[in-house]
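Below you'll find the structure, written out as structure tokens, and then a few comments.
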Number of protein chains: 2
Amino acid sequence: MTSTTASLAHAASGGWIAPRPKLVPATRGSATKINSTAPEAPNETTALLTLFRAHAFEQHFQPGSTVLLHGDTADAIYLVVSGTIRCCTVDSEGHRQIFSFSKKGEFVGISDMDIWHFTAEAVDHVILKSIPRSTLEQELAVNMSLRQEVRAYVRALLMRRERQMLTLIIAKGPDRLYQFLKEFAATRSGTGHVVLPMCRRDIGDHIGLSMEGVSRAFSRLKRQGLIDLKSHDRFKIVEDTDRTARPRPQLARA
Amino acid sequence: MTSTTASLAHAASGGWIAPRPKLVPATRGSATKINSTAPEAPNETTALLTLFRAHAFEQHFQPGSTVLLHGDTADAIYLVVSGTIRCCTVDSEGHRQIFSFSKKGEFVGISDMDIWHFTAEAVDHVILKSIPRSTLEQELAVNMSLRQEVRAYVRALLMRRERQMLTLIIAKGPDRLYQFLKEFAATRSGTGHVVLPMCRRDIGDHIGLSMEGVSRAFSRLKRQGLIDLKSHDRFKIVEDTDRTARPRPQLARA
DNA sequence: CGGTAAGTTGAGCCGTGTCAAGTTTAGTGG
DNA sequence: CCACTAAACTTGACACGGCTCAACTTACCG
């Protein structure tokens, strides 16, 4: 046993017996409103959504269960109705990298063609709409605007990954956390406190910090008055009234 | 002036007046052989290559000149005939992230649709074939297998970026350099020493180290006998005869 | 042969991982 | 409703990697 953290990560990601999701026909007209500024789907996706409205079935997932597994045949595509999904890869030594948290109105699995190149797991209780990949492929063959949408969508994913790489290298821990929180809060419409569905380790595997590092970064952001941390999973970005005054919103030594 | 390194990076990437590339009709049948295991084009790309064979023009670039600039209209796509190109983004403070070095037989600019989301610069003397984007778009509308190729290509780019993110977080400096060198050497057919066209800073901006860090990593790899460093830009991966013997090819403390 | 750019190496410092306590929170059963 | 327990989170001490600054070496070019 090389490391306890590694085995823990493994247990949380792939070791569990995934609860079989119950297949339920989608309730027609259940109005899944799409936030077009959502991080993983920043473009117009009317054609894709139309596809989901026409053919989708709903699936429920327990917290921690596996939605799709790296290496399996990619025979469906998904749309998150509620809850949060983490998309990640795990290397041979148990290290995990979470590329994105997919929330309400965001797609999962659009980029792959034959085999999943990543793993998706439910963070909390998740409801998903899914349609067979064959349906997508058939429609792609005849629907020009759908093709453009999918192309723009994958291109946006690529840009996002490159931006993530850049910030991983440049920004220090607290800066990365702040960016993540700001982005996360932006997808939530309300003005009150935002609830974080994922744990510290998940956040760490997303922004490249250890669990403890995330905790320290939270404390520092709170101490500096950049966030209002009500409880360990409820926060609010403190509006910076004079952002133009300070040349760099970088972190002070405090 | 906040930092000398930042301004240097800026000068090298965007500040120069780019020498205008000379437009030369492509010599027919100049047999650009494609290495299908090339990092940035790991899939079959016969349809794309056919397109280049039919319509391409050749362009020459001086070392350091800009091939395409972030924000400009993406009105062409490129195929590297010879030389090396660095594809990167530069943030507002001058930090640079090089996502890939594109070499002979690799495409550049396939993923974008309207505006370049990155900058490409010639590392050494570069010869490029290019075709108008409109040609690609017209062909995409009618050519199913070309669509599949482009889709597979962009998906491969996405996977590559995610793998890069993972190694950035997990592996330490020398490990990252070793991976990079091994990958780079793999695209060169010969059995002798491999020539590195790019400088230490370029490598650093690619694997997330400072210039000095790269130098130290080189020294360490050499000291441990993992690479044979003939000169500062000529190396060879030392064949590990008993790779199975050691459980992890990780770096020793030496 | 001197000058400039690129690369190497050393000293000191800061950020963050690890290990090891504490502390809070949520869940469970009396 | 409260006590108990387990899991998650927080915080501190220490070590190590890598950045920065600075000096030196090497290679290249006029």
Side-chain angles (χ1 to χ4, degrees), chain A residues 1-9 11-12 63-64 93-96 123-124 168-178 195-205 207-223 229-235 250-254, chain B residues 1-9 11-12 63-64 93-96 123-124 168-177 195-205 207-223 227 229-235 250-254:
Chain A
M1 199 157 294
T2 52
S3 146
T4 44
T5 51
S7 53
L8 276 172
E93 291 173 44
H95 293 114
R96 187 178 60 160
V123 172
D124 46 10
L168 265 182
I169 289 178
I170 291 170
K172 300 298 175 189
D175 283 285
R176 299 206 294 266
L177 178 62
Y178 185 68
V195 177
L196 284 171
M198 74 291 287
C199 66
R200 292 288 184 266
R201 176 170 297 279
D202 283 350
I203 297 175
D205 287 344
I207 64 177
L209 285 179
S210 67
M211 191 188 61
E212 297 92 333
V214 174
S215 192
R216 270 186 259 270
F218 264 112
S219 303
R220 173 170 289 193
L221 292 180
K222 185 181 180 179
R223 198 177 334 130
L229 196 59
K230 197 185 194 178
S231 69
H232 74 99
D233 64 348
R234 270 157 220 276
F235 77 96
Q250 208 81 328
L251 290 173
R253 301 277 153 263
Chain B
M1 198 156 294
T2 52
S3 147
T4 46
T5 52
S7 52
L8 275 175
E93 290 172 46
H95 292 114
R96 187 178 60 160
V123 173
D124 46 9
L168 267 181
I169 290 179
I170 290 171
K172 300 299 176 189
D175 283 285
R176 299 207 292 267
L177 177 62
V195 177
L196 283 171
M198 73 292 285
C199 67
R200 294 288 184 264
R201 177 170 296 280
D202 282 351
I203 297 175
D205 287 343
I207 63 176
L209 284 179
S210 68
M211 192 188 59
E212 299 92 334
V214 174
S215 192
R216 270 186 258 271
F218 264 110
S219 303
R220 174 171 288 190
L221 292 180
K222 185 182 182 180
R223 200 179 330 134
I227 62 169
L229 195 59
K230 197 187 197 177
S231 70
H232 73 98
D233 64 348
R234 272 158 218 275
F235 76 97
Q250 208 82 328
L251 290 173
R253 300 278 153 261

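Only a predicted model underlies this, so the values are computations on that prediction, with no experimental measurement involved. Below, chain A is the first sequence line, B the second, and so on; all start at residue 1.
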Nearest whole Å is fine: how far is C:dG17 P from A:Glu93 CD?
17 Å
CZ of B:Arg96 to CG of B:Asp205: how many Å apart, nearest 0.5 Å?
4.0 Å
Please report the distance, rounded to the nearest Å, between CG in B:Leu177 and C1' in D:dG18.
14 Å
Heavy-atom pair of closest approach, residues B:Leu177 and B:Phe218
CD2-N, 3.5 Å
Atom CD1 of B:Ile207 to atom P of D:dG17: distance rounded to whole Å?
16 Å
Rounded off to whole Å, could you give me the CG-to-C1' distance for the B:Leu209 and C:dT8 pair?
15 Å
Between the protein and nucleotides 7-12 of chain D, list every N/O to N/O distance that falls short of 3.5 Å.
residue, atom, partner, partner atom, Å
D:dC9, OP1, A:Arg200, N, 3.4
D:dC9, OP2, A:Arg200, N, 3.2
D:dT10, OP1, A:Arg200, NH2, 3.2
D:dT10, OP2, A:Arg200, NE, 2.6
D:dT10, OP2, A:Arg200, NH2, 3.3
D:dT10, OP2, A:Ser215, OG, 2.8
D:dT10, O5', A:Ser215, OG, 3.0
D:dT11, OP2, A:Ser219, OG, 2.3
D:dG12, N7, A:Arg216, NH1, 3.0
D:dG12, O6, A:Arg216, NH2, 3.3

Taken to the nearest whole Å, NZ/A:Lys172 to P/D:dG18 is 11 Å
In this structure, CD1 of B:Ile227 is separated from CZ of B:Arg234 (nearest 0.5 Å) by 14.5 Å
Could you tell me which residues satisfy side-chain contact (heavy atoms from CB on, under 4.5 Å) with B:Met198, sequence neighbours excluded, listed by chain and number?
B:Phe101, B:Val123, B:Phe180, B:Phe184, B:Leu196, B:Asp202, B:Ile203
Return whichever of A:Arg176 or A:Asp233 has its heavy-atom-nearest nucleotide of DNA chain C closer to the 5' end.
A:Arg176
In whole angstroms, the gap separating P of D:dG18 from CD1 of A:Ile169 amounts to 13 Å
Could you tell me the separation between the NE2 atom of B:His232 and the SG atom of B:Cys199, rounded to the nearest 0.5 Å?
10.5 Å
Taking only residues two or more places apart in sequence or in another chain, which ones pass side chain to side chain donor-acceptor pair (under 3.5 Å) with B:Asp233?
B:Ser231
How many whole angstroms separate atom CG of B:Leu168 from atom P of D:dG18?
12 Å
Which part of the nucleic acid, if any, lies within contact of B:Gly208, taking any heavy atom under 4.0 Å across all strands shown: a base, the sugar-phosphate backbone alone, or nothing?
sugar-phosphate
Mind calculating the distance between CD1 (A:Ile170) and P (D:dG18) to the nearest angstrom?
18 Å
